[in-house]
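Taking it in order: structure first as structure tokens, then the write-up.
Both counts, for ligands and for their atoms, begin at 1 and track the order of listing. Computed from a predicted model, the values in this text were never measured in an experiment.
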Amino acid sequence: ISKFREFCRILSHSTTMSDQIERRILVTGGTGLVGKAIEQVVNSEGKKPNESWSFIGSKDCNLEDEQAVRELFSKLRPTHVIHLAAMVGGLFHNLAHNLQFFRRNMKINDNILAACDEFGVIKCVSCLSTCIFPDKTTYPIDETMVHLGPPHDSNFGYSYAKRMIDVLNKGYAQEKGKRFTSVIPCNVFGPHDNYNLQAGHVLPALIHKAYVAKRDGTPLMVYGTGKPLRQFIYSLDLAKLFIWVMREYDEIDPIILSVGEEDEVSIGQAVDAVVKAIDFKGEIIYDKTKADGQYKKTASNAKLRKYLPDFKFTPFDVAIKQSVDWFVENYETARK
Ligand code: NAP
Ligand code: GFB
């Protein structure tokens with residue numbers, strides 16, 4: 001493995017050195033929160049002359065269908081894949097559908113990596129999540145801890161399916177010499193999020209609920225105690241890091257893409273940030289009959305900082321304001 005890694009480093013360095021190698025990049029999950037952020041960054045930074053990008057959603061191909069995936073790869077012939085597509089959701093969606101989260105994501109992930117292998121994809125970057133780490137753990141969590149114990153029970157289906165991506169990546173490296181790797185984002189938010197109140201994550205749900213409460217003059221209902229702690233990364237910051245991983249990162253082992261431990265906030269602080277950004281002045285009610293989920297999943301971004309010591313994250317309040325403004329401007333067409 002170490003000789004292979006050295007070879008990859010040379011290959012990757014030569015690739016980095018001469019960015020003349022043509023890259024046909026397929027982004028699965030390209031119509032979602034993270035995919036749309038990557039598309040925005042790629043379009044705003046200006047495309048590299050040797051790169052062409054395809055962003056696909058489920059209408060382009062149902063990635064649970066093995067044959068459809070092979071036909072997609074045969075048509076597009078990608079050299080690089082950013083694999084985002086998944087059944088995704090917040091705490092309450094996971095609590096209600098652990099089996100679906102496991103089965104659908106296992107199918108999607110196995111189909112994508114098998115097609116990457118069959119069609120000679122040079123590099124595939126898949127997406128895990130900080131919520132998949134062991135629930136009983138020491139802090140801060142780091143990349144070496146993915147498999148060291150069962151995940152929080154609320155999302156075991158999603159978590160085990162995500163962990164199998166790391167197992168598949170190791171298998172493809174060992175048996176086929178493939179460069180398939182993964183990143184581990186903390187909670188993500190930003191424009192084009194999923195604002196559905198049953199399936200969505202906490203920040204898009206709060207933004208949606210605060211918008212309606214302000215419009216109708218009703219109280220803002222927050223679930224749980226507001227005490228759990230989360231690290232939140234702005235989707236546009238994550239997008240820049242994802243593009244860097246695709247172009248420069250050459251390890252098979254995953255890398256956490258998260259704000260620092262010191263940027264962790266409570267759900268209550270997240271509520272305050274949304275309320276301030278949307279200028280809601282009504283009553284806020286915490287419904288403590290609803291689940292809190294995992295209390296904390298504090299992750300270290302030390303490995304990322306070793307590679308990118310100067311990367312600047314958008315300040316949380318600024319990112320929340322931009323996300324709220326996007327939702328207000330796009331209320332009619334937003335996913336909700
Ligand atoms: P999202 O907004 O829900 O988007 C999901 C994407 O996957 C959409 O483009 C969707 O297509 C596509 N998709 C779902 N099922 C599919 C299928 N059967 N065939 C083809 N495409 C399918 O999700 P996201 O928040 O951007 O998440 C992207 C990745 O980041 C996921 O792997 C997720 O696990 C990971 N992640 C997310 C968070 C977070 O807080 N959001 C945190 C950590 C990791 P349609 O648009 O057609 O439905
Ligand atoms: O983003 P979220 O749904 O998922 O956050 P997790 C759940 C936390 O926010 C809980 C509180 O403490 C909830 O009580 N909360 C308050 C709300 N109001 C609301 C609301 O209206 N909607 C929601 N959804 N929460 C997820 C994992 O965990 O993290 C997923 O289950 C995924 O698999 C995601 O990986 C990144 O952060 O708790």
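In Glu175, the CD atom is not crowded: 12 or fewer heavy atoms of neighbouring residues, nucleotides or ligands sit closer than 6.0 Å.
Annotation for ligand 1: atoms under 4.0 Å from non-hydrogen atoms of Asn62 are 17 (C), 18 (N), 19 (N). For ligand 2, the atoms sitting less than 4.0 Å from at least one non-hydrogen atom of Gly200 are 24 (N), numbered in the order shown with element in parentheses. Interface atoms of ligand 1 facing Val34, defined by a heavy-atom separation under 4.0 Å, are 26 (O), 28 (C). Residue contact check: Leu33 has heavy atoms under 4.0 Å from atoms 2 (O), 25 (O), 26 (O), 41 (N) of ligand 1. Listed by number with element, the atoms of ligand 2 under 4.0 angstrom from any heavy atom of Asn94 are 30 (C), 31 (O), 33 (O). Shown in contact with Cys61 at under 4.0 Å from a heavy atom are these atoms of ligand 1, numbered in order with element: 19 (N), 20 (C). Ligand-side atoms of ligand 1 in range of Asn187: 40 (O), range being under 4.0 angstrom from any heavy atom. With ligand atoms numbered from 1 in the order given, ligand 2 contributes 1 (O), 29 (O), 36 (C), 37 (O) to contacts under 4.0 Å with heavy atoms of Asn187. Which parts of ligand 2 touch Lys209 is read off a 4.0 Å heavy-atom cut-off, strictly below it: atoms 20 (C), 21 (O). Atoms of ligand 1 lying under 4.0 Å from any heavy atom of Glu64, numbered from 1 in the order shown and given with element: 18 (N).
Side chains of Arg230 and Gln294 form a contact here, defined as non-hydrogen atoms less than 4.5 Å apart. Considering only heavy atoms from C-beta on, Ile122 comes within 4.5 Å of Arg179 through its side chain.
With respect to atom 4 (O) of ligand 1, the closest heavy atom belonging to the protein is Gly32 CA, 3.4 Å. What sits closest to atom 19 (N) of ligand 1 on the protein, heavy atoms only, is Leu63 N, 3.0 Å. Looking only at heavy atoms of the protein, atom 29 (C) of ligand 1 is closest to Leu84 O, 3.3 Å. Scanning all protein heavy atoms for the shortest distance to atom 46 (O) of ligand 1 gives Thr31 OG1, 2.6 Å. Nearest protein heavy-atom contact of atom 30 (C) of ligand 2 is Gly89 O, 3.3 Å. For atom 40 (O) of ligand 1, the closest non-hydrogen atom of the protein is Val188 N, 2.9 Å. In this structure, the protein non-hydrogen atom closest to atom 47 (O) of ligand 1 is Ser58 OG, 2.5 Å. The protein atom (non-hydrogen) at minimum distance from atom 34 (C) of ligand 2 is His201 NE2, 3.2 Å. Among protein heavy atoms, the minimum distance from atom 41 (N) of ligand 1 is reached at His201 CE1, 3.5 Å. Among protein heavy atoms, atom 10 (C) of ligand 2 sits closest to Asp292 O, 3.1 Å. Atom 7 (C) of ligand 2 has as its closest protein heavy atom Leu91 CB, 3.8 Å. Looking at atom 20 (C) of ligand 2, its nearest protein heavy atom turns out to be Tyr223 CD1, 3.6 Å. Residue, atom and distance of the protein heavy atom nearest to atom 8 (C) of ligand 2 are Ile267 CD1, 4.0 Å. Here the heavy atom of the protein found nearest to atom 23 (O) of ligand 1 is Val88 CG2, 3.6 Å.
With a heavy-atom cut-off of 4.0 Å, Phe92 touches ligand 2 through its side chain alone. Heavy atoms of Tyr158 found under 4.0 angstrom from ligand 2 belong exclusively to the side chain. Using a 4.0 Å cut-off between heavy atoms, Ile108 contacts ligand 1 through its side chain alone, with no backbone atom that close. Counting heavy atoms under 4.0 Å from ligand 1, residue Tyr158 touches it through the side chain alone. Under 4.0 Å from ligand 2, the heavy atoms of Lys297 that appear belong solely to its side chain. Contacts between Ser159 and ligand 2 below 4.0 angstrom, taking non-hydrogen atoms only, are absent altogether.
Both the sub-6.0 Å distance and the 45° axial angle are satisfied by Lys296 relative to the ring of Tyr139. Cation-pi geometry between Lys209 and Tyr223 is met: under 6.0 angstrom from the ring centre, within 45 degrees of the axis. Relative to the ring axis of Phe73, Arg70 does not place its NZ or CZ within 45° and under 6.0 Å from the centre.
The closest approach between any non-hydrogen atom of Arg335 and ligand 1 is below 4.0 Å. Not a single heavy atom of Lys36 sits under 4.0 Å from any atom of ligand 1. Within the structure, ligand 2 lacks Pro185 among the residues with a heavy atom less than 4.0 angstrom away. Heavy-atom separations between Arg230 and ligand 2 include at least one value shorter than 4.0 Å. Close to ligand 1: Leu128, with a non-hydrogen atom less than 4.0 angstrom away.
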Show me the donor-acceptor pairs, under 3.5 Å and distance only, between side chains in residues 52-62 and residues at least two apart or in other chains.
{"from": "Trp53", "atom 1": "NE1", "to": "Glu51", "atom 2": "OE1", "distance (Å)": "3.2"}
{"from": "Asp60", "atom 1": "OD2", "to": "Gly57", "atom 2": "N", "distance (Å)": "2.7"}
{"from": "Asn62", "atom 1": "OD1", "to": "Glu64", "atom 2": "N", "distance (Å)": "3.0"}

Pairs under 3.5 angstrom only: tabulate donor-acceptor contacts from the side chains of residues 37-45 to other protein residues two or more places apart or in another chain.
{"from": "Asn43", "atom 1": "ND2", "to": "Glu39", "atom 2": "O", "distance (Å)": "3.2"}
{"from": "Ser44", "atom 1": "OG", "to": "Gln40", "atom 2": "O", "distance (Å)": "3.0"}
{"from": "Ser44", "atom 1": "OG", "to": "Val41", "atom 2": "O", "distance (Å)": "3.0"}
{"from": "Glu45", "atom 1": "OE2", "to": "Arg247", "atom 2": "NH1", "distance (Å)": "3.2"}
{"from": "Glu45", "atom 1": "OE2", "to": "Arg247", "atom 2": "NH2", "distance (Å)": "2.9"}

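Here the shortest heavy-atom pairing between Leu257 and Leu304 reads CD2-CD1, 3.9 Å. Nearest approach of Asn98 to Tyr158, heavy atoms of both residues: OD1-N, 4.3 Å.
Nearest residue to atom 13 (C) of ligand 2 from Ala291, Cys131, Ala205, Gly293 is Ala291 (criterion: closest heavy atom). If you check each of Cys186, Ala85, Ala86 against atom 5 (C) of ligand 1, the one with the closest non-hydrogen atom is Ala86. When Cys127, Gly89, Ser129, Ala199 are checked for heavy-atom proximity to atom 30 (O) of ligand 1, Cys127 turns out nearest. The heavy atom nearest to atom 15 (N) of ligand 2, out of those in Leu128, Asn155, Val202, Leu229, is found in Val202.
The pair Asp142-Lys303 does not count as a salt bridge, with every side-chain nitrogen at least 4.0 angstrom from each carboxylate oxygen.
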Evaluate the criterion side chain to side chain contact (heavy atoms under 4.5 Å, CB included) for residue pair Val265 and Leu229; output intermediate values, then yes/no. CA-CA 6 Å; Val265 297; Leu229 301 171; over 6 Å; no

Do Trp244 and Tyr307 pass the ring-ring contact (aromatic ring centres under 6.0 Å, His included) test, and can you show the C-alpha distance, the side-chain angles, and the key distance before you say yes or no? CA-CA 10 Å; Trp244 168 79; Tyr307 280 101; 5.3 Å; yes

I'd like to know whether Phe327 forms a ring-ring contact (aromatic ring centres under 6.0 Å, His included) with Tyr331, so could you lay out the CA-CA distance, the side-chain angles of the two residues, the decisive distance to 0.1 Å, and finally the verdict. CA-CA 5 Å; Phe327 181 74; Tyr331 178 76; 5.5 Å; yes

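If you check the side chains of Thr314 and Asp237, you find a donor sitting under 3.5 Å from an acceptor. Side-chain contact check for His93 and Asn155: no donor-acceptor pair (N or O, by modelled atom type) lies under 3.5 Å.
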